[in-house]
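Just so you know, these numbers come straight off a predicted model, no measurement behind them. In what follows, residues are counted from 1 in the order of the sequence shown. Keep in mind that the numbers below use all heavy atoms, side chains included, and drop hydrogens, waters and symmetry copies.
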Amino acid sequence: MSASAVMERSQSLLIALVITAVIAIGAWVPQGGLGIGLVCLVAALASSPMAVAVIIVILVTRIANPGLGGAVQLDGGTTDLVSWAAMLAASGRIWMDAVLQRVPILKVLPTFFLPYAVTVIALSAIFSEQTMLSLVKGVNFCITASSLFLAFAMFKAQSDQRFVGWIKGLWLAAIVLSVPLLAVPSIGYFRDGQGFQGILNHPQAFTVFLAPLVIWALVQSLTVKEGSRAILIAVLLVSMALMLLTRGRTGPTAIVLAGIILLVFRPGFARYAAELAGLALSRPWVLGGLILAGVGLIFSGVNVVEIVSSFIFKQSGVDQVSLAFGASRGFIVDQQILNFQESPITGIGFGVSNSVTHALTVEIDPLTGLPVGAATEKANLFLAVLEETGLVGALAFAPVLLSMVVRMSRTPSLALAWAAIAALCTNVSEMTFFSFGGIGLYTWLIMVWAYAEAIVPRSERGPVAAPIQDFVALAPQKAQH
């Protein structure tokens with residue numbers, strides 16, 4: 001095993017242990033969440049790598065299952081303010097390092113990201129129905145998203161693979177800690193008693209979390225060397241089972257839709273997909289699994305049609321796809337369209353919701369008077385952009401989204417490219433793209449990972465590598481004597 005692989009594995013185990021400790025402390029230690037936030041606030045100032053680690057830890061505190069340790073949640077009140085301060089400190093540290101290292105910021109960020117950021121801030125300040133809320137959400141999104149792009153680009157330029165180990169450690173912790181909760185329904189099914197949520201705060205969040213992992217593990221298990229294949233197969237099977245138990249349709253849908261997008265934007269993907277299918281059918285473990293599943297279904301007398309129907313319609317009492325959609329998300333779509341029609345040019349405000357059925361509740365910090373929480377529910381990314389920022393915001397957002405899709409699709413690793421596009425595609429039915437206070441931050445970690453991996457030296461670029469400046473020059477140079 002190479003030195004980089006050893007380091008990556010050690011970093012995975014380290015962050016998994018840190019996440020375990022964070023969940024335990026936040027759930028069972030009085031004021032544990034506040035203590036974690038304060039530690040993160042100080043640690044974020046140490047270095048860019050530490051800042052990214054802090055962002056991951058804060059993510060965990062925000063999406064952890066409130067059923068752990070009774071009804072104790074890891075956020076709320078003063079803890080929210082401290083965690084946001086830690087996020088801001090982490091982003092500020094990354095930006096400072098990027099400036100000091102003379103990172104070509106405009107080349108690192110997606111095309112037209114800065115013009116879009118200016119557009120969001122301007123629309124929020126002038127036209128939003130809730131100016132302060134939109135400004136806080138807009139500034140937070142722009143600063144955090146841009147800092148992630150800068151951090152991962154710097155890591156890539158310096159051949160620092162710690163962040164890869166951290167993301168894999170996050171995956172590892174989520175699976176290992178969630179599986180035992182299958183035997184504790186009061187926690188594992190805490191939200192509604194039907195969909196499994198593991199250590200996360202919602203079954204839908206868990207299916208969003210698992211979608212990139214499932215497709216990454218599938219592609220990797222079919223293509224890696226024999227040495228690590230057994231671990232990957234185990235991860236794949238467990239993550240697939242957990243995703244099905246969430247009863248969420250977002251994960252499987254995102255994986256399929258991501259494959260369709262790759263057909264358009266990744267050169268040669270059709271050939272790659274055919275080769276993967278051939279590899280799958282040549283693997284004994286795949287054939288064995290299919291045979292066992294088929295035999296099991298036959299002898300168990302299970303009605304496959306009923307299982308699929310139950311999954312698609314979630315036992316909603318409807319038997320048509322259109323009616324099922326209307327019963328679950330249709331009313332939200334109608335309200336978003338009405339909001340857009342009332343303000344088609346500039347929208348109702350970034351991060352703002354105007355809904356009869358899902359009222360917007362803004363949590364105000366009593367010390368600063370700033371909004372620290374305002375959950376919204378949107379049908380999908382495209383309607384959300386139109387509703388919140390109108391045609392002006394949509395036109396500014398389109399080139400940013402397109403540049404991200406193209407770059408992520410052409411990441412040299414097919415497994416990572418598919419995972420990143422799947423993370424993006426979860427926004428088709430579970431809009432989290434701008435939600436850095438929850439699971440949306442996780443999807444951005446996956447997307448920025450793929451975006452950064454597409455940045456490679458000219459001499460190493462393959463046919464699907466993104467055309468961008470050589471970032472090797474960003475690495476610290478040896479002193480000249």
Visitor: Taking side-chain contact (heavy atoms from CB on, under 4.5 Å) as the test, write out the residues that go with Leu383, two or more places apart.
Guide: Val333, Gln336, Ile337, Ala379, Asn380

Visitor: Please list, chain by chain and in numerical order, all residues satisfying side-chain hydrogen bond (donor to acceptor under 3.5 Å, both in side chains) with Asn140, sequence neighbours excluded.
Guide: Thr144

Visitor: Which atom pairs, donor and acceptor, lie under 3.5 Å between side-chain atoms of residues 388-396 and protein residues at least two apart or in another chain?
Guide:
unit_1 : atom_1 : unit_2 : atom_2 : d
Glu388 : OE1    : Gly351 : N      : 2.9
Glu388 : OE2    : Lys378 : NZ     : 3.3
Thr389 : OG1    : Val385 : O      : 2.7

Visitor: Using side-chain contact (heavy atoms from CB on, under 4.5 Å) as the criterion, list what pairs up with Ala16, not counting sequence neighbours.
Guide: Leu172, Ala173

Visitor: Would you give the length of the straight line joining atom CD1 of Ile255 to atom CD1 of Ile215, rounded to the nearest 0.5 angstrom?
Guide: 5.5 Å

Visitor: Give, for atom CG of Leu150 and atom CD of Gln101, the distance between the pair rounded to the nearest 0.5 Å.
Guide: 10.5 Å

Visitor: Should the ring pair Phe149 and Tyr451 be called parallel, tilted or perpendicular, given that the plane angle runs from 0 to 90° and is split at 30 and 60?
Guide: perpendicular

Visitor: Without hydrogens or angle criteria, can the side chains of Ser429 and Thr250 be said to hold a donor-acceptor pair below 3.5 Å?
Guide: yes

Visitor: Got a sec, which residues hit side-chain contact (heavy atoms from CB on, under 4.5 Å) with Val120, two or more places apart in sequence or on another chain?
Guide: Tyr116, Ser124, Phe350

Visitor: Which pairs would a plain distance check flag for residues 440-448, meaning a side-chain donor or acceptor within less than 3.5 Å of a matching protein atom at least two apart in sequence or in another chain?
Guide:
unit_1 : atom_1 : unit_2 : atom_2 : d
Tyr442 : OH     : Trp171 : NE1    : 2.8
Tyr442 : OH     : Phe209 : O      : 2.6
Thr443 : OG1    : Gly440 : O      : 2.7
Trp444 : NE1    : Phe433 : O      : 2.7

Visitor: Could you list the residues that satisfy side-chain hydrogen bond (donor to acceptor under 3.5 Å, both in side chains) with Gln130, not counting sequence neighbours?
Guide: none

Visitor: The criterion is side-chain hydrogen bond (donor to acceptor under 3.5 Å, both in side chains); which residues satisfy it with Ser146, sequence neighbours excluded?
Guide: Trp95

Visitor: Quick one: ring-ring contact (aromatic ring centres under 6.0 Å, His included) partners of Phe127, sequence neighbours excluded?
Guide: none

Visitor: With side chain to side chain contact (heavy atoms under 4.5 Å, CB included) as the test, would you mind laying out the steps for Glu453 and Val164 before giving the verdict?
Guide: CA-CA 10 Å; Glu453 289 295 335; Val164 177; 4.2 Å; yes

Visitor: Is the Lys NZ or Arg CZ of Arg162 less than 6.0 Å from the centre of Trp449's six-membered ring, within 45° of the axis?
Guide: no

Visitor: Side-chain atoms of residues 30-54: list all donor-acceptor pairs with protein atoms under 3.5 Å, sequence neighbours left out, distances to 0.1 Å.
Guide:
unit_1 : atom_1 : unit_2 : atom_2 : d
Ser47  : OG     : Met50  : N      : 3.2
Ser48  : OG     : Asp97  : OD2    : 2.5

Visitor: Does the side chain of Ser353 come within less than 4.5 Å of Glu377's, by heavy atoms?
Guide: no

Visitor: Just to verify, what does Gln11 make a side-chain hydrogen bond (donor to acceptor under 3.5 Å, both in side chains) with, not counting sequence neighbours?
Guide: Trp166

Visitor: Does any non-hydrogen side-chain atom of Thr246 lie less than 4.5 Å from one of Gln197?
Guide: no

Visitor: Are Phe434 and Phe397 an aromatic pair, judged by ring center distance below 6.0 Å?
Guide: yes

Visitor: Tell me every residue that passes side-chain contact (heavy atoms from CB on, under 4.5 Å) with Ala258, counting only those two or more places apart in sequence or in another chain.
Guide: Trp418, Ile421, Ala422, Cys425

Visitor: With a cut-off of 6.0 Å (strictly less than), are more than 12 heavy atoms of other residues, nucleotides or ligands near CE of Met240?
Guide: no

